[in-house]
Amino acid sequence: MTLDTPISKIHKLRKSQREALERLGLRTVRDALLFVPYRYDSFDRITPVNKLRVGEKQAFRVRIASIETRRTRRRGLSLTEAVVEDASGPVRAVWFNQPYLPDMLPPGTEVLLYGKVDYKKSGPQLSSPKFEKLEDDADAKVDGHITPVYSASAGISTRTILAIVRKCLPLVRDIEDTLPEELLERQDLVPLSDALQELHLPTTREALAVARERMAFEELYELQLTALTKRERWRAGGGENITLSPEHEAAFRDALPFSLTGAQERVWSDIQTDLASGTPMYRLLQGDVGAGKTLIAGLALLATAQQGAQAVLMAPTDLLAKQHFVTLKKYLAPFLGEVSIGLFTRTRQSIHNGSQKTLSGDTQDYDCSKAVFLEALADGSVDIIVGTHALIQGVVQFDHLVLAVIDEQHRFGVEQREVLRRAGGTRSPHLLSMTATPIPRTLALAVYADLDVSVLDELPPGRTPIATRIVSPRGAKVAEQFMRQQIDKGRQVFVVCPLIQDSDDESLAQVPSAEETFERLANGLFSDVRLALLHGKLTQEEKDAVMSAFVAGELDAVVSTTVVEVGVDVPNATVMAIYGAERFGLAQLHQLRGRVGRGEHASSCLAFVTRSGRPAERLNVFQSSTDGFELAQKDLEQRGPGELAGVAQSGLPDLRMASLMDTALLARVQEEARSHLLAPMH
Ligand code: ADP
Ligand code: MG
């Protein structure tokens with residue numbers, strides 16, 4: 001056996017199992033050894049039954065006293081009930097839909113059980129505990145009883161993976177280390193082979209923690225290196241100096257009906273410094289929905305255009321691009337003779353250069369063909385371009401691109417950034433990425449290691465706060481009547497559901513789908529309301545049509561999935577009704593809430609919960625805080641980085657090991673990565 005031996009040679013596999021392993025990327029012994037468990041069941045701290053604590057996860061070492069499976073009244077479900085006991089006494093344990101358990105764990109079997117203790121009418125009970133037989137299941141048995149759990153997939157169980165990995169372990173010494181020895185020494189990290197040995201066959205909690213730290217370090221280190229390399233590539237070659245003339249800046253500010261917030265001033269000053277530094281800007285602007293990012297973009301775009309260079313603002317959808325086009329024409333109204341603005345989406349190309357006039361003398365846009373637009377782009381007769389992905393598909397030739405602003409940057413891929421970089425010619429353009437997805441500081445260090453970060457942490461004054469209410473099933477009727485009243489007053493309503501269609505999945509049976517909710521409202525309380533259904537299965541054209549109609553006030557309400565998340569501005573919308581709210585993460589709830597409260601009317605967010613009783617703690621947090629960063633931090637703590645909106649799409653690999661909340665570890669990683677990149681190449 002070598003590291004390259006196929007797994008099928010060392011462990012008998014059914015075809016379905018082999019296919020499942022392939023799906024997990026596991027073909028060889030090496031693959032199996034590098035397949036790190038994603039969590040552990042700890043059977044190592046055994047609680048005597050008479051010391052159990054209700055509501056907590058605990059491990060028990062018990063003997064099965066009696067066990068039997070019966071069907072429940074609900075079709076297709078079976079319930080296995082057992083009485084288990086140790087020297088201190090008995091306790092009940094139950095499992096659902098595992099009818100084979102009495103055969104597997106006959107009375108007399110010694111087992112380790114691990115799981116949460118619930119309190120039922122009949123007393124305390126272990127609900128669906130994990131189990132591990134003590135006598136015969138030698139493969140799964142572990143000293144110290146910390147059992148690795150692998151992310152199994154359909155067709156292969158974590159137990160089988162465990163058995164395979166254990167067979168491969170004798171070769172773990174042959175795995176080459178990925179980190180240089182000096183680094184391991186400097187950072188006091190264990191070699192990879194030691195770490196893997198411990199991860200697959202844990203001895204103690206302490207040793208396991210050491211192994212995981214090593215893996216976390218490595219994961220973050222690679223991430224940092226990639227990020228820093230990207231950054232260096234972007235910044236290589238020097239950037240054009242851009243300075244907004246004091247006259248232009250004064251004219252811009254004078255035309256605004258308000259003054260900049262302190263945060264906007266601070267961020268603008270960061271950006272001015274970058275633009276004039278001789279090195280291409282490479283900056284992320286984070287700001288909660290409504291914080292006023294577009295205005296900042298407007299200043300930077302003006303600075304560039306006023307100097308005779310080109311600037312592009314990329315938006316993720318046609319609708320947002322149109323919205324930006326309109327907004328920028330407003331912000332830049334004093335300069336529209338001097339500076340021209342173009343819009344390039346899949347369906348519309350338009351240029352506003354101050355020369356096209358209506359009969360009444362106002363300047364207006366002129367729509368043109370793609371070819372004409374691209375010509376204007378190439379000869380420099382359009383200065384500021386608002387575009388979608390459509391703009392940078394295929395060959396696109398700018399005359400002199402010096403600034404690229406990307407809105408909702410997580411919706412753009414690395415390749416698209418790369419296209420923009422090359423469009424700058426020999427020099428990279430200045431890059432300003434904007435996002436409304438608040439990412440906690442610690443996480444930002446890892447996710448955006450390559451970018452300088454500015455934060456707009458202050459909303460413009462005078463916003464009426466959005467009232468957030470949790471709506472129980474009992475209160476649903478009244479809440480929907482409230483929505484109806486708002487519509488009668490001429491306001492508009494967003495309705496968001498977690499699913500598109502009803503699901504066959506039992507666990508989702510209670511969750512309201514967009515289709516079902518749409519039908520119910522359309523046939524009931526909202527029967528005479530202009531109502532539309534919007535979800536991700538529609539084509540982009542269909543989605544745009546619905547959203548445009550909503551923006552234009554031709555619809556009173558739209559029922560949708562989370563496709564409404566991105567920054568569409570509908571000042572007349574005053575209610576965000578979220579059904580099945582317990583199914584959303586905090587950051588996402590917050591994003592949704594930010595769709596309303598953008599106009600003069602008082603707005604509310606109604607979080608409908610599916611089940612009665614005490615709402616999830618998460619929703620209470622949501623109700624009590626309007627701070628996106630705080631909510632994102634809580635989300636990170638509760639659900640881990642993978643679930644955090646914006647992180648999943650950020651290109652961040654699946655960080656299974658890395659404790660992203662570990663700021664100290666991140667700092668060490670950064671230091672190593674920086675010094676590695678600064679070291680002379682060899
Ligand atoms: P974001 O893109 O950050 O979500 P926008 O740029 O769309 O936010 O701004 C939201 C609204 O706030 C817009 O109507 C904008 O005109 C307004 N706004 C921006 N800056 C200010 C400010 N300093 N004072 C008052 N209103 C502002
Ligand atoms: Mg925006």
Side-chain angles (χ1 to χ4, degrees), residues 249-250 252-271 283-302 312-334 343 384 386-388 404-412 432-439 453-466 494 547 551 564-574 576 587-588 590-601 603 605 626-629 631-632 645-646:
E249 180 157 355
F252 182 95
R253 288 174 184 262
D254 286 348
L256 293 175
F258 46 74
S259 46
L260 269 59
T261 62
Q264 280 172 321
E265 294 287 3
R266 203 163 12 82
V267 169
W268 171 230
S269 141
D270 289 348
I271 291 173
R283 184 170 292 279
L284 176 74
L285 171 53
Q286 271 195 292
D288 221 336
V289 277
K293 295 184 288 296
T294 320
L295 180 131
I296 298 294
L299 276 164
L301 294 166
L302 174 64
V312 62
L313 168 60
M314 300 294 295
T317 64
D318 284 16
L319 193 66
L320 279 173
K322 278 177 208 154
Q323 194 177 290
H324 282 322
F325 184 53
V326 172
T327 310
L328 286 175
K329 281 188 297 184
K330 243 188 276 164
Y331 285 148
L332 302 181
L343 171 72
I384 295 174
V386 183
T388 59
V405 182
I406 301 181
D407 192 24
E408 300 303 340
Q409 60 96 37
H410 62 272
R411 311 255 309 223
F412 286 90
L432 179 64
S433 272
M434 307 198 294
T435 179
T437 307
I439 291 196
V453 179
S454 293
V455 181
L456 273 183
D457 51 6
E458 180 187 349
L459 289 183
R463 295 274 162 86
T464 19
I466 302 163
F494 285 106
M547 269 326 286
V551 172
V564 289
E565 234 181 287
V566 283
V568 194
D569 208 356
V570 191
N572 189 46
T574 55
M576 168 56 71
Q588 204 175 19
H590 182 66
Q591 287 275 306
L592 289 170
R593 178 166 60 187
R595 299 289 111 243
V596 296
R598 298 168 81 91
E600 56 194 296
H601 309 286
S603 296
C605 175
T626 54
D627 179 338
F629 284 93
L631 292 172

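All heavy atoms count here, side chains included; hydrogens, waters and symmetry mates do not. None of the values given here were measured: they were computed from a predicted structure. Just so you know, ligand 1 is whichever comes first in the structure, and atom 1 is the first atom listed for that ligand.
When each of V386, V312, L432, V405 is tested with L301 by the rule side-chain contact (heavy atoms from CB on, under 4.5 Å), just one qualifies, namely V405.
Within the 4.5 Å cutoff, side-chain heavy atoms of L260 are placed close to those of L299. Residues L456 and D288 fail the side-chain proximity criterion, which asks for heavy atoms closer than 4.5 Å. Side chains of L313 and I406 form no contact here, defined as non-hydrogen atoms less than 4.5 Å apart.
In this structure, F258 and Y331 have perpendicular ring planes: the angle between them is above 60°, well past the 30° mark.
In this view, R266 and D457 satisfy the salt bridge (Lys or Arg N to Asp or Glu O under 4.0 Å) rule, not counting sequence neighbours.
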Tabulation required: pairs of a nitrogen or oxygen in ligand 1 and a protein nitrogen or oxygen under 3.5 Å; columns are atom names and distance to 0.1 Å; otherwise 'none'.
unit_1	atom_1	unit_2	atom_2	d
ligand 1	2 (O)	T294	OG1	3.4
ligand 1	3 (O)	A291	N	3.4
ligand 1	3 (O)	G292	N	3.0
ligand 1	3 (O)	K293	N	2.9
ligand 1	3 (O)	K293	NZ	2.7
ligand 1	4 (O)	G290	N	2.6
ligand 1	6 (O)	K293	N	3.4
ligand 1	6 (O)	T294	N	3.1
ligand 1	6 (O)	T294	OG1	2.7
ligand 1	8 (O)	G292	N	3.2
ligand 1	12 (O)	R463	NH2	2.6
ligand 1	16 (O)	Y331	OH	3.1
ligand 1	20 (N)	Q264	NE2	3.0
ligand 1	23 (N)	S259	O	2.9
ligand 1	23 (N)	Q264	OE1	2.8

